[in-house]
Every structure is written in C-alpha cells, then in structure tokens.
2 protein chains.
Amino acid sequence: MDLDIILNQIYALPRASRELIKAYVTEVVYPKGHIIIHANKVERHVYFLKSGIVRAYADHGDSQITFWIGSEGAPVISMNSYVNNRPGYESIDLLENCTLYTIAMQDLQRLFLQDIHIANWGRKFAESELIKTEERMISRHLGTAVERYRRFLSQSPDLLQRVPLGYIASYLGITQVSLSRIRAEIR
Amino acid sequence: MDLDIILNQIYALPRASRELIKAYVTEVVYPKGHIIIHANKVERHVYFLKSGIVRAYADHGDSQITFWIGSEGAPVISMNSYVNNRPGYESIDLLENCTLYTIAMQDLQRLFLQDIHIANWGRKFAESELIKTEERMISRHLGTAVERYRRFLSQSPDLLQRVPLGYIASYLGITQVSLSRIRAEIR
DNA sequence: CCTGCTTTTTATCATTTGTAAAAAAATGTC
DNA sequence: GACATTTTTTTACAAATGATAAAAAGCAGG
C-alpha cells in the first residue's frame with residue numbers, strides 16, 4: 001500500500017505538508033518471525049505496514065496474549081513509546097515477510113510543532129487509533145466466544161487464512177482448543 | 001477539579017490558547033442516574049467531569065456491559081461522535097450527582113484548525129485516551145478473574161466504595177455472583 | 001426505629017472452558 | 001515423494017463460571 005494513501009486515509013494533508021513528512025520516511029524489509037517492537041523497551045520509530053501481517057502480544061507468565069493483528073496499511077507502534085516516551089507493554093512480531101515505512105518519532109514530533117496541518121494529522125492519527133482500539137475492546141466484551149468468532153470471521157475472513165488459529169484464539173480470549181471446538185460445532 | 005488543571009494535565013498550553021478554549025466552556029450539573037450520552041445517537045458536546053462518577057456501557061440483548069468507569073477529571077465523550085460525527089456504541093450514565101464542564105465539539109473543531117497549540121492539545125488528548133483505552137483492554141485480557149479483581153482493587157480502591165459491585169463485575173468481565181465468590185475466597 | 005427497596009452474598013446445579021496429551025492434518029524442505 | 005516440523009483437531013478429565021433462586025445485609029425515607 002502506497003505511503004500517500006496511508007497518510008491521506010488518516011487526514012487529508014496539503015501537498016506541501018505531506019511532502020514534509022515523506023522527506024523523513026524510509027522503507028525497510030524484515031522477514032517473518034522478526035520482532036520489530038520489544039516490550040519494556042522504548043521504541044523510537046513509527047512504522048506503517050506496506051505489506052504483510054503483524055501481531056501485537058503481551059507476555060504473561062510463560063504464555064503470550066495476542067491482542068492485535070495488523071495488516072497492510074496498519075500503523076505499527078509502541079503506543080507508550082509514541083505517546084509518553086516510555087517502554088510499552090506490547091511486543092510486535094511479523095507473521096509474514098513485511099515491508100514497512102518508518103519515520104523517527106523525533107522528526108515527527110518536530111513536525112507536529114512546526115506545521116498545524118501535520119499537528120492535526122497527528123491528532124486524527126491518534127483519534128483513529130483510539131476508535132479502533134475502543135471498538136476492539138468493546139467487541140471483546142460483547143457476546144459469547146461463538147459470537148466473537150463469528151464476528152471475526154465476517155470482519156476479517158482473509159486473516160483466517162493467514163494467521164495461525166492459536167493467535168486468533170488468544171485474540172478472541174479463548175484457548176486454541178476452545179476455538180477448535182467452536183469451529184467444529186459451527187460446521 | 002478545576003478546568004485549568006484538567007486542560008493542562010493533557011498538554012501544557014500557552015495562557016492565550018487556554019483562555020481561547022475556556023471562553024467556550026460552560027458548567028452543567030446533572031443528578032445521579034441521568035444518562036448523559038446515548039448510544040446510537042450523535043453527541044455534539046464534549047464533557048469533563050468536575051466531580052462525581054460515571055460509567056460507560058453498551059447494551060447487549062437485555063443486559064448491559066459496563067466497560068469504563070470515570071471519576072473526577074475524566075473526559076466524558078462519545079468517541080465515535082467526537083472522532084467521526086457518527087453515533088457511538090456507548091451510553092454513559094451518572095453514578096452520583098455530577099458537575100461537568102462542557103464544550104460544543106463544533107467550537108473545539110474550529111479551534112483545532114486555528115491554533116497550532118490547541119491542535120497539539122487535541123492530539124495529546126486523543127493520545128492519552130488511546131493509552132488509557134489500550135491499558136484497559138490489555139488489562140482485561142491479562143490474568144484470571146481473581147487477578148483482574150486484585151488489580152482493580154489496588155488501582156482504584158476508592159471506586160470499590162462508590163460503585164455497585166454489579167457494575168464492577170461487568171467491567172471485569174464476570175457476573176456479579178462470580179465476583180462475590182471471588183471476594184469471599186480472598187477474604 | 002421501622003418499612004420497603006436495592007445490593008450483596010450464599011447455595012445448588014448445569015454448562016462452559018481450560019489443561020494435558022495424543023492423533024491427525026497441513027506445511028515446508030531436501 | 002518422504003521426512004521433519006508445525007498447526008489443528010480430538011479426547012478425557014478437572015476446574016471455573018454461569019444461571020437461578022433465596023437469604024442476608026445495607027440503605028433511604030418517613
């Protein structure tokens with residue numbers, strides 16, 4: 001997915017402001033399995049997923065809880081690093097080989113203070129992440145495991161083919177065994 | 001809680017910008033039980049809780065799921081209204097008599113486009129809500145019901161005295177009966 | 001201080017979900 | 001195509017949670 005499209009989907013920027021941002025963006029490629037964001041470390045870059053799939057998870061004892069799955073166009077960030085310059089809870093790893101756009105947070109922060117359009121772009125960026133996060137949270141509260149799986153199925157049928165069911169189960173808040181049972185019942 | 005403090009906790013504004021916002025803010029009082037945000041309706045104001053407690057919930061069949069409890073200083077908004085001018089999932093009602101600051105979203109939006117400091121304030125506002133929402137979401141994923149209750153207990157001991165346990169149970173993702181069992185076991 | 005109403009706890013039973021281990025299926029590599 | 005590895009499903013049993021109903025406790029208004 002093209003960078004211009006990603007930037008503009010968040011907030012329509014004047015050409016000059018968009019070019020200002022793009023001057024600081026570079027492209028990087030990482031292989032499947034690479035951990036791009038490390039929990040408990042401050043991450044100094046923001047990424048946008050050009051292609052591929054990633055997942056965010058939190059370690060909990062000897063297991064991991066997957067709480068976000070991102071695909072092409074999605075921002076890949078350590079929220080707490082981005083917002084507070086503090087270590088975050090989440091690790092993010094790549095479920096496929098991925099190409100990402102990246103920009104140093106330092107550069108972005110500077111642009112926020114220089115250009116009101118970019119400041120409003122940053123506002124819209126946070127707002128759209130906020131909406132998505134709230135939606136995800138409410139969705140996870142609502143309904144039984146079966147309903148949540150059905151919802152996932154209808155909203156992200158593509159992910160079902162590309163993401164191991166163990167991660168999807170964790171995302172839905174159940175065990176892989178439980179998810180397997182649900183899938184068997186529905187069929 | 002004073003409006004200046006609430007505004008500045010989000011982002012330190014120059015005096016002039018802060019006065020610009022305050023010119024549009026008024027104070028309102030509502031009684032316990034009043035529903036201030038209605039699900040599936042577009043809400044055209046943003047509120048900040050000067051005093052009291054509120055809860056956000058989503059209707060689900062014949063029951064309600066409480067997914068947020070806000071106390072003094074907290075912003076009270078319909079996310080989807082604020083961000084997208086669209087009806088939201090959540091209703092918010094008052095658990096105590098409350099005093100709130102309020103500003104029309106229309107006025108705030110205009111200020112965002114006029115004043116870069118206010119634009120960045122708006123960015124920080126969304127970002128801080130984002131962090132809190134993510135934290136809440138992850139926290140709800142993590143651990144058993146007992147652990148989640150213990151976490152709630154240590155993070156918001158005051159709310160335990162002021163919020164009916166039924167709402168807290170729903171917030172933790174369990175039934176009131178389950179919560180009661182947990183409380184009995186811990187003692 | 002009593003009365004009625006709401007909230008919380010307790011008890012019982014049915015159901016769901018988790019754990020652990022093994023079998024089956026799918027995937028990738030040589 | 002055969003092997004090793006990973007992923008998914010299945011099974012059996014244990015533990016946790018939900019539903020329902022009833023008792024107990026707490027609280028507000030007169």
Side-chain angles (χ1 to χ4, degrees), chain A residues 31-35 52-55 57 60-67 69 93-97 140-153 156-187, chain B residues 31-35 52-55 57 60-67 69 93-97 140-153 156-187:
Chain A
K32 174 175 176 172
H34 177 76
I35 299 178
I53 303 190
V54 304
R55 78 186 242 271
Y57 60 93
H60 187 248
D62 52 354
S63 67
Q64 302 176 334
I65 316 270
T66 295
F67 59 86
I69 298 169
D93 67 5
L94 311 187
L95 301 184
E96 299 177 351
N97 298 329
R140 224 189 128 162
H141 275 240
L142 246 53
T144 62
V146 178
E147 292 170 321
R148 295 203 301 277
Y149 174 67
R150 281 224 163 88
R151 206 154 47 220
F152 182 88
L153 206 61
S156 322
D158 49 311
L159 291 185
L160 205 71
Q161 314 303 324
R162 297 163 76 186
V163 179
L165 286 178
Y167 297 149
I168 293 176
S170 173
Y171 177 78
L172 295 174
I174 54 180
T175 60
Q176 176 163 2
V177 176
S178 245
L179 177 56
S180 194
R181 270 193 287 243
I182 287 169
R183 285 160 57 85
E185 280 161 28
I186 281 180
R187 219 181 304 129
Chain B
K32 173 175 175 171
H34 177 75
I35 299 179
I53 303 191
V54 304
R55 80 186 240 272
Y57 60 93
H60 188 248
D62 53 353
S63 67
Q64 302 176 335
I65 316 270
T66 296
F67 59 86
I69 297 169
D93 68 3
L94 312 187
L95 301 184
E96 299 177 351
N97 298 329
R140 197 154 164 202
H141 275 239
L142 247 52
T144 62
V146 177
E147 292 169 320
R148 295 203 302 277
Y149 174 67
R150 282 222 163 87
R151 207 156 45 221
F152 182 89
L153 205 62
S156 322
D158 49 312
L159 291 184
L160 205 72
Q161 313 304 323
R162 297 164 77 186
V163 178
L165 286 179
Y167 296 149
I168 294 175
S170 173
Y171 177 78
L172 296 173
I174 55 180
T175 59
Q176 175 163 2
V177 176
S178 242
L179 177 55
S180 196
R181 267 194 290 243
I182 287 169
R183 286 160 55 84
E185 279 161 28
I186 281 180
R187 219 179 306 129

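Computed over heavy atoms, backbone and side chain alike; hydrogens, waters and symmetry mates excluded. For clarity, every value in this text was computed on a predicted model and none was experimentally measured. Below, chains carry the letters A, B, ... as their sequence lines are ordered, and counting in each starts from 1.
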Find the distance [X]:[atom1] to [N]:[atom2] and express it as a whole number of Å.
X: B:Glu147; N: D:dA16; atom1: CD; atom2: P; answer: 12 Å
X: B:Glu96; N: D:dA28; atom1: CD; atom2: P; answer: 12 Å
X: B:Gln176; N: D:dG26; atom1: CD; atom2: C1'; answer: 13 Å
X: B:Tyr149; N: D:dA16; atom1: OH; atom2: C1'; answer: 18 Å
X: B:Leu95; N: C:dT6; atom1: CG; atom2: P; answer: 16 Å
X: A:Gln161; N: D:dT7; atom1: CD; atom2: P; answer: 16 Å
X: A:Leu165; N: C:dA25; atom1: CG; atom2: C1'; answer: 12 Å
X: B:Leu160; N: D:dG26; atom1: CG; atom2: C1'; answer: 15 Å

Once you round to the nearest 0.5 Å, how far does [atom1] of [X] lie from [atom2] of [Y]?
X: B:Phe152; Y: B:Leu172; atom1: CZ; atom2: CG; answer: 6.5 Å
X: A:Leu142; Y: A:Glu147; atom1: CG; atom2: CD; answer: 8.0 Å
X: A:Tyr149; Y: A:Leu160; atom1: OH; atom2: CG; answer: 4.5 Å

Answer yes or no: is there a side-chain heavy-atom contact under 4.5 Å between [X] and [Y]?
X: A:Gln64; Y: A:Asp93; value: no
X: A:Asn97; Y: A:Lys32; value: yes
X: B:Ile182; Y: B:Ile174; value: yes

Expected rows: protein N/O vs nucleotides 14-24 of chain C N/O, under 3.5 Å:
from: C:dG18; atom 1: OP2; to: A:Thr175; atom 2: N; distance (Å): 3.3
from: C:dG18; atom 1: OP2; to: A:Thr175; atom 2: OG1; distance (Å): 3.1
from: C:dG18; atom 1: OP2; to: A:Ser178; atom 2: OG; distance (Å): 2.8
from: C:dG18; atom 1: N7; to: A:Arg181; atom 2: NH2; distance (Å): 2.7
from: C:dG18; atom 1: O6; to: A:Arg181; atom 2: NH1; distance (Å): 3.2

* **B:Arg183 side chain near C:dT9 phosphate (N/O to OP1/OP2, under 4.0 Å)** => yes
